[in-house]
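Have a look at the structure below before the remarks.
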Amino acid sequence: MAMNFRDMEYALEAARYLSFSKAAAVCGVSQPTLSTQIKKIEAELGTQIFVRTSRGISLSAFGDVFVRKANLILELREDLRRDAFEHGDLESGQLRLGGIMTVAPYLFP
């Protein structure tokens with residue numbers, strides 16, 4: 001299975017709150033679901049994002065890298081969505097018209 005944007009968002013919320021249960025509440029999923037998805041990412045990457053202890057979680061050394069790059073990926077996703085919206089809008093963009101000099105002054109003003 002491949003990592004997806006939603007899984008990245010789960011991991012970023014867990015990193016923000018340093019709590020799987022708080023992150024799960026914010027994401028609207030159960031804590032076991034969020035934890036399972038984060039473990040799936042870690043298995044795919046072959047390293048831990050979070051250090052789990054009986055007192056809670058903290059970011060691993062790789063976790064800092066993951067958070068920075070996942071944030072960048074999700075920002076780029078939003079930029080891409082914005083660009084797609086702008087290009088899909090028929091009322092914006094560039095329109096080029098051409099005409100011969102004898103007719104253009106009468107048709108294009």
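Numbers here simply count residues along the sequence, with the first being 1. Just so you know, these numbers use all the heavy atoms, side chains as well, and skip hydrogens, waters and symmetry mates.
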Smallest separation among heavy atoms of [X] and [Y], with atom names:
| X | Y | result |
| --- | --- | --- |
| Ile57 | Ala14 | CD1-O, 4.0 Å |
| Ala11 | Phe50 | O-CZ, 3.4 Å |
| Leu34 | Cys27 | CD1-SG, 4.2 Å |

With sequence neighbours left out, write down each residue that passes side-chain contact (heavy atoms from CB on, under 4.5 Å) with Thr36, or none if nothing qualifies.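 In terms of side-chain contact (heavy atoms from CB on, under 4.5 Å), with neighbours along the sequence ignored, Thr36 is linked to no residue.
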Is the closest basic N to carboxylate O distance between Arg6 and Glu9 below 4.0 Å?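 Judged by the 4.0 Å cut-off on N to carboxylate O distance, Arg6 and Glu9 do not form a salt bridge.
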Which pairs with one or both residues in residues 49-60 pass side-chain hydrogen bond (donor to acceptor under 3.5 Å, both in side chains), sequence neighbours excluded?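 Residue pairs passing side-chain hydrogen bond (donor to acceptor under 3.5 Å, both in side chains), neighbours aside: Glu42-Arg52.
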Qualifying side-chain hydrogen bond (donor to acceptor under 3.5 Å, both in side chains) pairs with a residue from residues 14-27, counting only residues at least two apart or across chains: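 side-chain hydrogen bond (donor to acceptor under 3.5 Å, both in side chains) check on residues 14-27 returns Glu13-Arg16, Ser19-Ser21.
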Could you check whether any side-chain heavy atom of [X] comes within less than 4.5 Å of a side-chain heavy atom of [Y], counting everything from C-beta outward?
| X | Y | value |
| --- | --- | --- |
| Ile49 | Leu59 | yes |
| Lys40 | Asn4 | yes |
| Tyr10 | Ile41 | no |

Are Val51 and Leu12 in one and the same hydrophobic cluster, where Ile, Leu, Val, Met, Phe, Trp and Tyr link if side-chain heavy atoms are under 4.5 Å apart?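 Different clusters: Val51 never reaches Leu12 through Ile, Leu, Val, Met, Phe, Trp or Tyr contacts under 4.5 Å.
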Test of understanding: clusters of I, L, V, M, F, W, Y form through side-chain heavy atoms closer than 4.5 Å, transitively. Do Met8 and Val29 belong to the same one?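 Yes, same cluster.
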Within this structure, what is the [atom1]-[atom2] distance for the pair [X] and [Y], rounded to the nearest 0.5 Å?
| X | Y | atom1 | atom2 | result |
| --- | --- | --- | --- | --- |
| Phe20 | Gln37 | CZ | CD | 12.0 Å |
| Leu45 | Phe62 | CG | CZ | 5.0 Å |
| Asp7 | Phe5 | CG | CZ | 11.0 Å |

